[in-house]
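Keep in mind that this is a model prediction, so the values were computed, not measured.
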Amino acid sequence: MISTRKGLIALSPLLVFILIYLVTSLVTQDFYKIPISIAFLISCIYAIILNPSLSISKKIEIFSKGAGASNILLMIWIFILAGAFANSAKAMGSIDATVHLIWNILPGNMIYIGMFLASCFISISIGTSVGTIVALVPIAAGLAHSTGAPVAMMAAIVVGGSFFGDNLSFISDTTIVATSTQGCKMSDKFKVNSFIVFPAVIICILIYIFLGRHNTYITSETEFSFIKVIPYLVVLLTSLFGLNVVVVLTIGILLTAIIGISDNSYNIFGCFQSMNDGIMSMSELIIITLLAGGLLETIRSNGGIDFIIQKLTQHIHGKRGAEFAIAFLVSLVNVCTANNTVAILTVGGVSKNIGDRFGVDNRKAASILDTFSCCVQGLIPYGAQILMAAGLTQVNPIKIIPHLYYPALIGLSAFMAILLRFPKRYS
């Protein structure tokens with residue numbers, strides 16, 4: 001048993017971060033006032049000072065272990081490659097060419113819904129929200145700049161659609177972890193999950209149709225170089241075939257370089273410089289990822305995550321209460337870890353115990369874990385998906401959040417599914 005005092009002390013670095021970044025930004029009404037990297041840095045220093053029973057060297061070792069975790073380093077690899085690919089493709093003219101291609105296909109009032117459905121299709125095919133964002137956000141940003149549509153809105157549409165597949169895809173990490181921890185088949189979880197989130201999909205489609213009803217963008221044909229669209233098509237197609245996102249981005253970079261140099265968009269040195277500029281644009285994102293990984297490992301090591309789980313399981317009454325507890329657990333841990341897969345993995349065992357004790361259907365428990373984690377991950381400003389979209393569009397994450405309709409809707413839909421005991425067959 002972790003005492004309340006110890007648990008609150010373990011969680012205090014997260015509270016320090018919230019006070020420094022979120023509260024200060026709200027008070028000053030300026031989210032640029034406190035750089036998020038500085039807020040994380042101060043919180044990290046405070047976290048390392050905590051726990052006097054350990055030496056400074058040991059605490060730094062724990063912090064470094066979290067910052068250097070394999071999933072953190074993989075994320076950084078993706079950020080580096082995504083930055084290099086996105087900027088070199090942009091410098092070569094791929095974004096403009098792709099924008100003009102879409103310009104010739106989509107009517108003006110279908111931009112929003114078309115981008116959302118494309119994001120849904122790609123994400124459920126490749127099973128990763130980050131991969132979908134890497135592939136589609138540059139295109140969405142290009143469309144926004146060419147048509148005058150809000151860049152934050154277009155980025156949010158892709159981020160929202162990317163969580164459709166993250167939540168439902170058979171090859172998504174969250175699906176794999178949720179079903180394995182709850183002991184159910186992926187196909188069964190997909191059925192239950194579909195009942196829960198499809199109302200949100202329909203509502204989201206109606207919202208985008210309504211918002212785009214007066215759009216008059218994209219009405220005439222425009223000349224473009226199709227060969228410059230090929231890097232994006234190859235990235236999308238190789239992703240659909242299930243190729244690792246690191247391999248996909250590497251192929252995209254090589255292909256972009258070959259096409260750009262061969263058609264004199266830039267020489268080899270210009271190509272290298274554009275890649276470097278893209279990587280440098282991701283530098284803050286990389287720093288935040290490292291600091292967050294170390295901070296959250298320190299919190300976990302001090303017992304903060306275990307304390308949260310311990311407290312929330314003390315007052316459960318009935319099946320509905322058990323389902324709400326599972327939802328709250330995974331949501332809270334996701335806020336602390338900023339990683340929906342890690343959040344599900346962290347609380348999966350406890351959720352299984354709660355579900356078995358109160359008779360919760362394991363298929364619905366898996367759906368609750370996955371849906372609420374995707375909802376929270378899609379709304380926190382320091383989540384990898386929003387940070388990636390922000391980095392690729394150079395838009396503050398806070399400006400993207402108000403347009404994230406789909407993550408919010410699946411959270412509301414899942415909440416109502418628990419409250420109304422829906423779907424009845426699994427409740």
Search all heavy atoms of N167 against all heavy atoms of K189 and return the closest pair with its distance.
-> O-NZ, 2.7 Å

Is there a donor-acceptor pair closer than 3.5 Å between any side-chain N or O of S123 and the backbone N or O of T132?
-> no

Taking atom types as modelled, find out whether D277 and N87 have a side-chain donor-acceptor pair closer than 3.5 angstrom.
-> no

Would you indicate whether the side-chain heavy atoms of Y46 and I20 approach each other to under 4.5 Å?
-> no

Is the backbone of S169 close enough, under 3.5 Å, to the side chain of T175 for a donor and an acceptor to pair up by distance?
-> yes

Pick out which of L295, L291, L15 makes a side chain to side chain contact (heavy atoms under 4.5 Å, CB included) with S43.
-> L295

Option among V201, I207, I157 that satisfies the side chain to side chain contact (heavy atoms under 4.5 Å, CB included) test with Y406 = V201

Would you check if F163 and L379 make a side-chain contact, meaning some heavy-atom pair closer than 4.5 Å?
-> no

Under the ring pair (Phe, Tyr, Trp, His ring centres under 6.0 Å) test, which residues partner F324, sequence neighbours left out?
-> F415

Dump the intermediate steps for side chain to side chain contact (heavy atoms under 4.5 Å, CB included) on F272 and N276, then the final yes or no.
-> CA-CA 6 Å; F272 290 159; N276 179 72; over 6 Å; no

In sequence, state the C-alpha distance, the side-chain angles, and the governing distance for I401 and I398, and then conclude on side chain to side chain contact (heavy atoms under 4.5 Å, CB included).
-> CA-CA 5 Å; I401 290 176; I398 302 300; 4.3 Å; yes

Would you mind telling me which of P231, C271, S225 makes a side chain to side chain contact (heavy atoms under 4.5 Å, CB included) with M92?
-> P231

Side-chain touch P138/K90, heavy atoms, less than 4.5 angstrom | no

What one should report as the nearest heavy-atom pair of N339 and Q377 is N-OE1, 3.3 Å

Which pairs pass ring-ring contact (aromatic ring centres under 6.0 Å, His included) with one or both residues in residues 55-93, sequence neighbours excluded?
-> F85-Y232

Side chains of L50 and T298: does their closest heavy-atom pair fall under 4.5 Å?
-> no

Test item: side-chain donor near acceptor, K311 and T4, under 3.5 Å | yes

Would you say the side-chain atoms of D166 and T174 include a donor-acceptor pair closer than 3.5 Å?
-> yes

State, yes or no, whether a side-chain contact exists between S265 and K228 at a heavy-atom distance under 4.5 Å.
-> yes

Would you say K364's side chain and V192's backbone share a donor-acceptor pair under 3.5 angstrom?
-> no

Mind checking whether I205 and L117 have side chains closer than 4.5 Å, heavy atoms only?
-> yes

For V134 and L392, work out which heavy atoms get closest and say how close.
-> CA-CD1, 4.1 Å

Identified side chain to side chain contact (heavy atoms under 4.5 Å, CB included) counterpart of F307 within the set I2, I299, I9, N302 = I2

Y112 side chain reached by M153 side chain, heavy atoms, under 4.5 Å | yes

So, S331 side chain and A327 main chain: donor-acceptor pair closer than 3.5 Å or not?
-> yes

Just wondering, do V376 and N340 contact through their side chains at under 4.5 Å, heavy atoms?
-> no

Is it true that atom CD1 of I268 has more than 12 heavy atoms of other residues, nucleotides or ligands lying nearer than 6.0 Å?
-> no

